[in-house]
Every structure is written in structure tokens, then in C-alpha cells.
Amino acid sequence: MNTVRRLIPFISITVSYIAVSNFIPVIFLLLINCIGYLPYSDRPGPSWQTLHLPTIEEINFYFEFSIYLLPSTALYGCAYSLYGLLIDFLALPKWAIRTLTTPIALLTSGLIMMSGGWMIAISAIGFYIAAFCGMYWGLFIFPRFITRTYSIFPISIRIFFSATIVLSGIYFFTRPFWPDSSLTNGDIYVIQKTDTGKLISEISKNHISHTIIEQFKSENKYIIIQKMNFTTESQNQLHALIVIDDDTLIENKIQLPISGDAIYWQHEGKWNELRTNKENSRLSLTIERKNKDINLKVIGNCCATIVQNFSPSQD
């Protein structure tokens, strides 16, 4: 009986978190909708509408959205209950509990609403409401369930251990939103030997460094047969030139460097490479024949935009 009684506060943590991070923000969204602001929809989009009482259809819509968020908020509510058990065992003072809990509660509530809200094209106000509710829960509600006031550990060790857990949680929640330093933006040119194309030394060097292009100057003639440009969320930039000296393409897969300049060339049935940066990105490039054209395909977490031209160009 005593064990059950001691568990009641931590069951209450889960229930209160679900209520504050899910049901209350959704109720606020419904009320805002009734005031006249439509807080979701990609068509016509979030906008001001007429003042009205909630309809049955609107109530059902927001109720279903709240049920959709329930598994996520319940999962994190259970995680906060485990965290509450730890905090209670360490007997942290109220000021430390509020300082440590509020930032991560704000993040989790806001991010749950934002990640689930894309299903209904929710506006930014949904994130702000949920984040504020999470902040309020971390400041005033969660500390009420922590009642123990004595611990055998010094206060410095208790705060350090708790802060480590909280900072790890913040890293876990925010890491997916950080730019991926292992991605790159690419400018890719493919040139092939021909009797009517330009000399390689005459091709614009804007896409490749002069020091590398100099090593491929010759009396052979080349024509640009393929161009590709792709962008990612990274700030890295790669300029690559693919040279095909043979009449028949040998399909190949290239691990792209993270930045800098690179030349890949097929000569006498073998692929070779020369590049200024030895560090690989998370992207690779396949070179293959597609009907009469050479097809380039980027493999990896790509791309925000991608442009590929198949027609030979003399510019």
C-alpha cells in the first residue's frame, strides 16, 4: 500500500504532462479558431476567419488531433516520471528542479506539437502555445510532485548528475535540427572526348580549381554532356569534373568529398580520381548509362534542390 502511495505522484507526472502538453494546447487552438484565427491548413492556410461558436466538426477535428498526439505525449510523460523518481531520490531544491526541468519541458512540448502538427499544416502559434504550456509545467507543476528533502549526496553532486541528464536530453531533442556537417552542395560537370567538342583547356574553369584542370590539358577534344547541381542544408561546397576518355562508359559509384575540388576520369577502362579534400561526405554519386544519355544519381541525405541537364552543351 505504501509503495502504491509513493508511486501516485509519479503517475501524476505522466498524466499532468499529457494534459498540459497535449489537451490544453489543443483546447487553446480550438478557442483561437473560434475567435477567428484558423491556426492550421495549407489551403487556404493559417488566416483570420469570422468569429463563431465551435461546430461539432471542429470539435471532432481537434479531438482527433489530440488523440494523434497522445502516444508521443504519453511516452515523454513516462520519461518525465522516471526523471521525477531520480530527482526525488536526489532531493534537489525547488530552484534547481525548475532550472533543470523548464528548458527541456519547453522543448519537448513544442517539438511534439511541431512534429505532429505538420499533418494538419499547423501554424507557428501551435508551437508557441505548446512550448509555453511545457514551460509552465516545468516551472510550477512538475516541482510539486517532488517531495523528498534529504539525500546522502552533497548538493554539488546531485545538481551535476541531474544537469548531465538534462543536457543530454536537450542534445537528443535538438540534434536532428542541427546542420549536417557531413553533407555537401555539389556542382558536377561531365565531359566526354569527341571530335567536335571544345578543348578541355577551353572549358570554363569556374567549377573546378585551375591547379587541377591544368593537369588535364591536352590536345584531345571534349564536350560537356552532363551538368548537375544539387544543394543540401550544409554550407560545404564541392566542385567536381568527370572526364570520360573512352568510347564506352564503365558505370561507377563515387564517394564524394565533403568540400573542395575533384576530378574523376575514365581512361583505358579504368577510373581514377584526384581531389583537394580527402575527407568524405555522406553522399555518393553513381554514374550510369540511361538510354543514350549518361545519368548521375546522388545517394544519401539529398537534396533540397537538384538540377540535371542531359543535353550536350557548347557553352
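All values reported here derive from a predicted model rather than from experimental measurement. Residue numbers count from 1 along this sequence.
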Practice task
Kindly indicate, with the supporting measurements, whether the criterion side chain to side chain contact (heavy atoms under 4.5 Å, CB included) is fulfilled by I152 and Y150.
Solution key: CA-CA 7 Å; I152 61 175; Y150 173 76; 4.2 Å; yes
Completion exercise
Exactly one of S109, S72, S66 clears side chain to side chain donor-acceptor pair (under 3.5 Å) with N22, and that residue is S66
Problem - For I24, side-chain contact (heavy atoms from CB on, under 4.5 Å) partners two or more places apart - result: V20, F28, C133
Using distance only, find each side-chain donor-acceptor pair of residues 157-166 under 3.5 Å and give its atom names and separation, not counting sequence neighbours.
| residue | atom | partner | partner atom | Å |
| --- | --- | --- | --- | --- |
| R158 | NE | L90 | O | 3.4 |
| R158 | NE | F153 | O | 2.9 |
| R158 | NH1 | L90 | O | 3.0 |
| R158 | NH1 | A91 | O | 2.7 |
| S162 | OG | R158 | O | 2.9 |
| T164 | OG1 | F160 | O | 2.8 |

Practice task
Test salt bridge (charged side-chain N to carboxylate O under 4.0 Å, His left out) on E268 and K270 and set out the steps.
Solution key: CA-CA 6 Å; E268 295 182 350; K270 295 182 179 180; over 6 Å; no
Handout entry: Sidechain-backbone polar pair: S234 side chain, L183 backbone, donor-acceptor under 3.5 Å
Key = yes
Practice task
Step by step, work out the ring pair (Phe, Tyr, Trp, His ring centres under 6.0 Å) result for W271 and Y264.
Solution key: CA-CA 7 Å; W271 278 97; Y264 304 91; 7.7 Å; no
Handout entry: Least distance between heavy atoms, R275 atom then Q255 atom
Key = NH1-O, 3.2 Å
Practice task
May I ask you to check whether S81 and T14 show a side-chain donor-acceptor distance below 3.5 Å?
Solution key: yes
Practice task
Could you check D246 against Q266 for side-chain hydrogen bond (donor to acceptor under 3.5 Å, both in side chains), going step by step and ending with a plain yes or no?
Solution key: CA-CA 7 Å; D246 300 331; Q266 178 191 321; 3.0 Å; yes
Practice task
Determine whether more than 12 heavy atoms belonging to other residues, nucleotides or ligands lie under 6.0 Å from atom CZ of R289.
Solution key: yes
Exercise for the section: Measure the acute angle between the ring planes of Y62 and Y40, then classify it against the limits of 30° and 60° as parallel, tilted or perpendicular. Expected result: perpendicular
Practice task
List the atom of A105, the atom of G134, and the distance in Å for their closest heavy-atom pair.
Solution key: CB-O, 3.4 Å
